[in-house]
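Each chain gets a letter, A, B and so on, in the order its sequence line appears, and its residues count up from 1.
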Amino acid sequence: MKTPGKMLPKIIGFIFRKPVTVRYPKERLTPPATLRGKMKFHLDRCISCGLCARDCPSGACTMHEIEAKKRPVFDLDYCTFCAQCAESCPKDAIEMTAEFELAHYKKGEAIVK
Amino acid sequence: MGYVKLPIGPQHPALKEPENFTITLDGERVVNVDIRIGYIHRGIEKLMETRTYTQNLYLVERICGICSYAHVYNFTQNVEEILGLQIPKRAEYIRTLFLELERLHSHFLWLGVAGHEIGFDTLFMYTWQDREVVQDLLEMISGNRVNYAMNAIGGVRRDVSQEHRKKVLESMDYLEKRAEFYKNVAINEKTILARAENVGILKPQVALRLTAVGPTARASGISVDIRKDDPYASYLDTPFEVITTDTNDVLGRVVVRVLEIVESIKIIRYLMEHLPEGDILKKAPRKIPEGESISHTEAPRGEDIHYLHSNGTEKPDRYKVRTPTLANLPATAEMLKETYLADVPIIVAAIDPCMGCMDRVLLLKDGQEKPGELISGEQLRRYGIKWYAERGWNA
Ligand code: SF4
Ligand code: SF4
């Protein structure tokens with residue numbers, strides 16, 4: 001039957017439904033285990049090979065000499081969270097965590113060393 | 001009565017992306033449409049020449065936010081073709097799963113946008129809620145809702161576990177019910193029929209002549225679908241049908257997409273039930289030998305073509321992308337003729353345009369006598385300042 005109001009029963013049903021969104025930040029959804037969030041860097045495992053910086057698509061991961069050791073530094077302002085660095089690393093020195101709340105005020109405040 | 005020329009865009013509240021439609025009107029009736037593109041060219045093809053193949057995986061993905069996977073699939077298929085690399089069967093199935101999940105969420109999204117364009121925002125809210133189900137699946141498997149970063153050259157980066165499979169199958173049951181509901185709504189709801197029936201007619205001969213692709217062509221009764229015509233990924237194994245309608249109007253385009261959702265669900269079920277065991281990634285060299293390759297896939301919006309020329313180094317020599325929207329634009333100009341101004345938004349939306357992915361550099365010729373001229377960014381800046389100063393517009 002070609003009438004308006006095909007969706008009416010659904011619409012009325014929605015009045016009694018709980019909202020789909022949660023009251024962030026009081027309530028939080030759990031991110032999936034696969035999420036690529038802020039990375040964790042294990043300095044002791046790193047062998048200074050530079051593969052991570054070479055494969056990073058956005059220039060977020062760059063090599064620096066700190067305390068006489070060449071090692072990567074990650075600037076999250078540039079990071080696309082692709083996890084290519086973690087994958088390229090032959091020593092598993094980079095690990096992606098599920099931390100995603102990374103908002104900050106100034107450029108250069110979110111640096112992972 | 002004289003004709004009125006109405007410029008819509010490049011910046012206009014009705015447009016989501018900058019493009020220009022100059023519409024010649026006779027009263028309310030559209031006489032002619034001139035579409036001008038080139039406002040959001042991003043130079044991705046050129047940028048790709050300066051990056052390694054690994055880095056390009058993530059750049060190609062950002063050509064489009066909706067059909068990002070179709071692009072990255074094309075890219076990896078091109079590289080693997082030149083390498084002569086056969087990827088593991090399990091990886092092929094997972095890639096197909098992503099191609100289809102992407103089609104699902106793209107079609108749900110489009111259905112909502114179409115509803116919004118005709119002032120039926122309830123439909124918009126509903127379909128976007130269902131789209132979330134697909135997005136959750138994508139996030140669960142890949143870790144991202146958009147730009148999944150799933151592909152690597154030689155396979156996929158993440159595996160589909162037993163729980164993932166179960167969850168995908170469960171969600172498909174839910175989405176199938178929803179698709180049935182939308183089918184019922186699309187062909188019976190008066191609000192939609194009044195705006196979509198016999199609007200934006202595209203005759204089959206015209207569609208063929210103007211190279212329409214994807215759902216736009218299929219709604220004009222042309223059975224083109226790269227998945228069937230030149231099967232890639234694991235479409236040869238999966239049973240599905242090419243959906244066409246012969247109404248040639250916007251309603252046809254709605255029906256085609258809703259029925260394609262049902263077909264996608266069928267494909268995903270098959271993939272999940274027959275997922276082969278084995279590896280998901282084969283190691284690929286960094287340097288790609290000299291060669292060229294062309295790859296095309298059926299993206300949610302139609303045929304997406306990528307061309308790669310490699311020169312034996314770590315970086316591509318030339319890369320070229322032709323997205324479906326570009327192929328559909330000439331047909332859009334045709335569809336708009338002899339319609340009413342109020343129908344323009346829904347007719348344009350019916351091809352599911354994605355201007356950002358499609359954009360080209362345009363060389364504008366000033367009238368007849370002055371040839372085009374290439375100027376630097378600095379020259380352009382100075383030209384702009386002068387242009388405004390001449391009109392006394394600067395602050
Ligand atoms: S996650 Fe990707 S973008 Fe971020 S530092 Fe690693 S490689 Fe670079
Ligand atoms: S790839 Fe791994 S081992 Fe090599 S420099 Fe980077 S973090 Fe260190």
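- Residues A:P57 and B:R51 share a closest heavy-atom pair of O-NH1, 2.5 Å.
- Residues A:C82 and B:A149 come closest through the heavy atom pair O-CB, 4.4 Å.
- Looking at B:Q129, the atoms closer than 4.5 Å to chain A (heavy atoms on both sides) all sit in the side chain, from C-beta outward.
- Using a 4.5 Å cut-off between heavy atoms, A:A98 does not touch chain B at all.
- The distance from atom CG of A:D55 to atom CZ of B:R286, rounded to the nearest 0.5 Å, is 4.0 Å.
- Put simply, the side chain of A:T34 gets close to the backbone of B:M140: a donor and an acceptor are under 3.5 Å apart.
- Here the side chain of B:R157 pairs no donor or acceptor atom with the backbone of A:E87 at under 3.5 angstrom.
- Among B:E61, B:R62, B:M125, the residue with the largest count of heavy-atom pairs under 4.5 Å with chain A is B:R62.
- A donor-acceptor pair is defined here as one N or O able to donate and one able to accept, closer than 3.5 Å; such a pair exists between the side chain of B:Q55 and the backbone of A:R54.
- The number of heavy atoms from other shown groups lying within 6.0 Å of CG (B:D173) is above 12.
- Heavy atoms from other residues, nucleotides or ligands lying under 6.0 Å from NZ of A:K38 number 12 at most.
- Only the backbone of B:I141 comes within contact range of chain A, with heavy atoms under 4.5 Å apart.
- Of the atoms belonging to B:Y148, it is backbone heavy atoms, and not side-chain ones, that fall under 4.5 Å from chain A.
- For B:F120, the part lying near chain A is the side chain, with the backbone staying farther off; criterion is any non-hydrogen pair under 4.5 Å.
- Residue A:K40 qualifies as open at atom NZ: its count of foreign heavy atoms under 6.0 Å is 12 or below.
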